[in-house]
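Take a look at the structure set out below.
Atoms within a ligand are numbered from 1 in the order they appear, just like the ligands themselves. Bear in mind that the values here come from a model prediction, so they are computed numbers and not experimental data. Only heavy atoms go into these numbers, but all of them, side chains included; no hydrogens, no water, no symmetry mates.
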Amino acid sequence: MLELGPDNIRLGSTARDKDEAITLVGRAMVESGFISPAYIDAMRGREQLASTFLGNGIAIPHGLPEAREQVLRTGIVVVQFPAGVPWGDSGLAHLAVGIAARSDEHIQVLANLTGVLGDAATAARLAVTTDREEIAAHLNGKRAAVATPETVAVRGASITVVAPSPHGLHARPATELVETAKRFTSNIAVRRGDKSANAKSLISLLGLGASGGTELTVLAEGPDAGAALSAIAAAFARGLGEGQPEAPAAEAAPAPVRPALAYGGRMLAGVSASPGIATAPVWHFQRERLVVHPTAPDPLVQRDRLDKALASATAELHNLYEEFWKKAGAAKAAIFKAHLELLEDPELVAEAHRRIERGASAGWAWRETYEERATLLGGIKDALLAARAGDLRDVGRRVLRLLADEIQGSETSAPDHPVIILAEDLSPSDTAKLDPRTVLGLCTAGGGATSHTAIIARSLDLPAVVAAGPAVIDLTDGQECIIDGDNGVIIAEPTPADRALAAERQRQSLLRREEERRACYLPAVTTDGVRVEVAANISSPKEAAAAVNGGAEGVGLMRTEFLFLQRDTPPSEEEQLEVYEAILRAMNGLPVILRTLDIGGDKEVPYLSMPAEENPFLGVRGLRLCLQRPDLFRTQLRAIFRASRLGAVRLMFPMVTTPSELTQAKAIAEEVRRDVGAKPVEVGIMIEVPAAVVMADQFAREVDFFSIGTNDLTQYVLAMDRLHPVLAPQADGLHPAVLRMVRQTVEAAKRNGIWVGACGGIAGDPAGAMMLAGLGVAELSVGIPSIAAIKARMRGLSMARLEEMARRALDCQSAAEVRALAVAG
Ligand code: PEP
Ligand code: MG
């Protein structure tokens with residue numbers, strides 16, 4: 001039987017929050033050789049689905065079932081937090097019992113744990129004890145009597161079920177059973193041999209110690225006993241959430257499961273921030289030292305220098321924002337927008353001006369001001385505000401660099417050969433400057449998986465590991481290491497076998513990509529014969545050519561507003577015509593959706609002199625602007641219709657909210673078409689405002705197609721600004737509320753005989769593509785680099801499976817749950 005050894009008990013630990021506690025527990029499990037570091041992510045994932053807090057100061061963090069591959073051997077560690085750790089909203093945890101279970105050997109330890117759980121005095125003592133043996137004795141069942149499960153005298157109807165294999169009735173399936181039982185008023189008991197437990201009590205059920213395959217009798221007594229037993233029988237038949245015994249086995253696994261780790265070299269465990277693997281010498285990223293003199297004689301000159309530096313930094317950030325917007329989408333570019341806002345803070349600038357008046361140089365005044373503010377923010381015990389402190393320093397340095405009297409050391413002295421970058425932390429600006437040709441991976445001592453660094457690393461397709469602890473800083477420049485972003489580890493001093501393993505994994509990943517690339521021109525037909533069209537999102541003729549080469553079956557979204565950005569006047573009809581024609585030529589007869597101007601919100605065009613708005617995303621944007629500016633709208637429509645003779649143009653209006661807007665837009669378009677003498681084209685609308693979803697039936701009668709803009713739809717449905725520096729990462733289009741809107745849209749479209757596509761970010765995310773296709777979206781329009789992978793994903797699954805998954809997703813409570821469903825397949 002599994003024993004908890006004193007070596008696996010860590011006394012006197014501290015953690016600020018649940019996340020930090022799980023990292024500590026996970027690291028202890030890695031060090032004991034129970035799990036590979038990637039399992040720590042699965043432990044976090046588990047918490048997102050349901051808290052593992054049991055009560056009486058005890059939590060049992062463990063991973064999701066699909067991460068079992070990451071369990072190297074079954075084992076248990078206990079980390080004691082005498083001062084307690086807030087376990088989300090559940091309560092203060094003093095003992096975190098980390099469980100790595102390959103099968104059900106740990107079930108007795110769980111049963112023993114219920115003895116402590118039922119005994120507040122013992123739990124309180126173990127919370128502060130300095131004797132490891134005392135904890136071990138209790139969990140190994142040697143000290144206190146194992147709690148006798150409360151005897152539940154239930155007479156009445158009964159069924160026989162079998163505890164799920166191979167892991168038995170451990171915490172996760174037992175929770176599922178409790179949740180099912182609690183839906184009924186009847187008394188329900190579960191009996192194993194001569195022990196019986198209350199089916200509505202987790203502690204009681206765990207006390208049964210029922211391992212996989214054990215026969216159990218469920219008894220129910222009360223007004224709804226029959227229904228309760230049927231529901232419980234069904235829950236057991238589904239494996240109590242432990243997998244789907246009846247699911248078809250033949251299909252390809254949708255997501256490559258991370259392989260278990262078999263490295264021999266020293267492993268430094270962090271958190272996986274971006275997948276991939278690379279071997280290269282490490283190199284410490286060091287920021288330049290910016291030297292500023294404290295004083296300067298002329299305040300007016302200094303004030304002018306500061307204002308000019310602020311203006312230049314603002315321009316730089318606008319460029320960075322647009323560059324990332326194009327490369328990686330608005331959500332990923334959001335951080336630079338947030339930096340812009342910080343720079344525009346009048347208080348900050350006024351304070352720096354005051355310091356200048358008192359004789360400080362521009363650089364000194366600016367640095368003192370933003371450092372003071374950042375220190376204040378960083379001192380507040382709130383992770384989100386602490387992150388803002390980091391952002392403020394990042395943007396502050398951007399301005400300071402322009403004011404520095406001397407710059408010591410240079411960031412550009414990065415070697416020109418491939419390296420893995422190591423850093424304490426990387427600011428978004430640092431990460432954006434990296435050259436993917438020489439940077440093969442990123443590893444930071446601090447940071448987190450949802451940090452902006454992680455987001456940017458993913459968009460640059462670089463393996464990244466964050467929160468690896470200070471040990472990474474001690475690695476020597478030039479030392480060859482392996483970065484394994486899939487598993488969130490750095491392997492220092494890799495053995496020859498490690499190198500071979502890494503090389504093999506690199507080779508396999510390249511092969512997989514190569515295989516996907518070679519198959520990129522094949523249609524995406526599911527294993528049961530349903531075709532899903534995969535098109536590209538583009539913003540220029542150059543990208544149209546790349547889209548065709550990448551396997552796109554058309555353009556699902558041409559963001560025409562890019563023709564209007566970074567210039568001083570709007571493009572003329574002829575200029576636009578030239579661009580649209582070039583795109584149609586490149587697409588060579590494949591359908592091209594040209595979306596009319598979608599300005600406003602996050603895309604500002606200074607020369608249009610639009611009045612500043614408090615809430616630009618709720619203001620005059622998209623079609624609303626076009627209807628207010630018929631000059632712009634008509635010019636664009638003329639160019640579109642004139643170009644339409646060269647290919648299969650589809651016209652699409654963005655941000656449509658009310659039927660009357662559509663009526664007006666269609667009337668103007670029709671007038672222009674006649675004027676130009678062009679043939680009719682298909683007309684569609686973006687579905688990105690909840691009102692359009694709710695009125696989809698009416699819209700569907702007026703158009704030929706819908707394209708769901710999940711980026712905007714998500715922000716409007718969840719009421720989370722897509723550029724919000726804190727909320728943007730949570731504004732996940734896989735949220736069930738958004739998916740329900742998608743379903744409603746598809747149903748309305750079907751009733752009216754039109755097709756539905758999707759062109760928001762989640763269409764290019766494998767989990768999103770699966771859910772959208774399962775909900776009946778016929779065309780996925782994605783970023784060019786994702787085309788081959790999304791097609792491959794569709795080819796590996798049946799539509800029946802996708803539909804089933806999507807149905808279950810609609811009943812989830814969060815985007816995290818939906819993502820877990822997609823990973824489990
Ligand atoms: C969307 O909102 O999902 C969309 C595709 O449009 P954009 O990102 O250009 O606003
Ligand atoms: Mg949009």
Side-chain angles (χ1 to χ4, degrees), residues 321-322 324-334 337 459 534-540 543 547 552 554-565 592-605 615-626 636 650-657 661 684-693 705-724 728 731-735 737-739 741-742 745 756-765 768-769 771-772 775 777 779-784 786 790 815:
Y321 172 70
E322 269 165 24
F324 266 81
W325 201 97
K326 281 188 210 163
K327 214 161 36 183
K332 288 172 186 160
K337 193 81 174 173
S459 69
V534 181
N537 291 349
I538 65 163
S539 53
S540 67
E543 284 184 350
V555 167
L557 169 63
M558 159 64 191
R559 289 182 162 108
T560 60
E561 54 277 8
F562 275 107
L563 301 178
F564 290 70
L565 303 178
V592 175
I593 298 183
L594 293 174
R595 176 176 78 180
T596 56
L597 198 52
D598 186 16
I599 298 279
D602 54 323
K603 293 163 225 152
E604 292 158 28
V605 177
N615 292 306
F617 276 121
L618 303 181
V620 181
R621 64 171 295 212
L623 187 58
R624 295 172 189 170
L625 174 75
C626 284
Q636 178 169 48
R650 292 168 175 165
L651 179 66
M652 178 160 76
F653 303 123
M655 267 296 288
V656 180
T657 311
E661 287 170 346
I685 57 168
M686 301 268 308
I687 298 285
E688 43 190 356
V689 179
V693 177
F705 66 92
F706 288 155
S707 184
I708 305 178
T710 51
N711 304 335
D712 276 314
L713 187 57
T714 304
Q715 76 163 342
Y716 295 129
V717 169
L718 298 182
M720 287 181 184
D721 184 340
R722 66 195 257 187
L723 301 183
H724 195 286
D732 187 336
L734 279 173
H735 194 285
V738 181
L739 298 182
M741 290 259 147
V742 172
T745 305
V756 181
C759 56
I762 61 163
D765 168 327
M771 296 303 165
L772 291 170
L775 288 168
V777 170
E779 176 237 42
L780 301 169
S781 193
V782 308
I784 297 165
S786 308
I790 293 297

Practice task
Would you indicate whether the side-chain heavy atoms of M652 and L557 approach each other to under 4.5 Å?
Solution key: yes
Practice task
For residues E688 and N711, determine if any side-chain heavy atom of one lies less than 4.5 Å from a side-chain heavy atom of the other.
Solution key: no
Exercise for the section: Decide side chain to side chain contact (heavy atoms under 4.5 Å, CB included) for M686 and L623; before the verdict, give the C-alpha distance in whole Å, the side-chain angles of both, and the deciding distance to 0.1 Å. Expected result: CA-CA 10 Å; M686 301 268 308; L623 187 58; over 6 Å; no
Enumerated ligand 1 atoms positioned under 4.0 Å from heavy atoms of [X]:
X    : answer
G709 : 1 (C), 2 (O), 3 (O)
C759 : 5 (C)
M686 : 4 (C), 5 (C), 6 (O)
L557 : 5 (C)
D598 : 10 (O)
E688 : 1 (C), 2 (O), 6 (O)

Problem - Check against side chain to side chain contact (heavy atoms under 4.5 Å, CB included), T596 and L651 - result: CA-CA 7 Å; T596 56; L651 179 66; 3.7 Å; yes
Handout entry: Heteroatom distance test (E561, ligand 1): nitrogen or oxygen, under 3.5 angstrom
Key = no
Exercise for the section: Could you give me the CA-CA distance, side-chain angles and deciding distance for I784 and E543, then say whether side chain to side chain contact (heavy atoms under 4.5 Å, CB included) is met? Expected result: CA-CA 8 Å; I784 297 165; E543 284 184 350; 3.9 Å; yes
Practice task
Give me the one residue out of V756, V693, L775 that meets side-chain contact (heavy atoms from CB on, under 4.5 Å) with I708.
Solution key: V756
Practice task
Report the part of Q715 in contact with ligand 1, treating N, CA, C, O as backbone and CB onward as side chain, heavy atoms under 4.0 Å; options are side chain, backbone, both, neither.
Solution key: neither
Problem - Under 2.8 Å from the Mg ion (ligand 2) - protein N/O/S, by chain and number - result: E688 OE1, D712 OD2
Practice task
Determine, stepwise, if the pair V738 / M771 fulfils side chain to side chain contact (heavy atoms under 4.5 Å, CB included).
Solution key: CA-CA 11 Å; V738 181; M771 296 303 165; over 6 Å; no
Fill in the blank from the handout: Across all chains, not counting sequence neighbours, the salt bridge (charged side-chain N to carboxylate O under 4.0 Å, His left out) partners of R650 are E682
Exercise for the section: Apply ring-ring contact (aromatic ring centres under 6.0 Å, His included) to F564 and list each qualifying residue two or more places apart in sequence or on a separate chain. Expected result: none
Problem - Residues which pass side-chain contact (heavy atoms from CB on, under 4.5 Å) with S786, listed by chain and number, not counting sequence neighbours - result: V782, I790
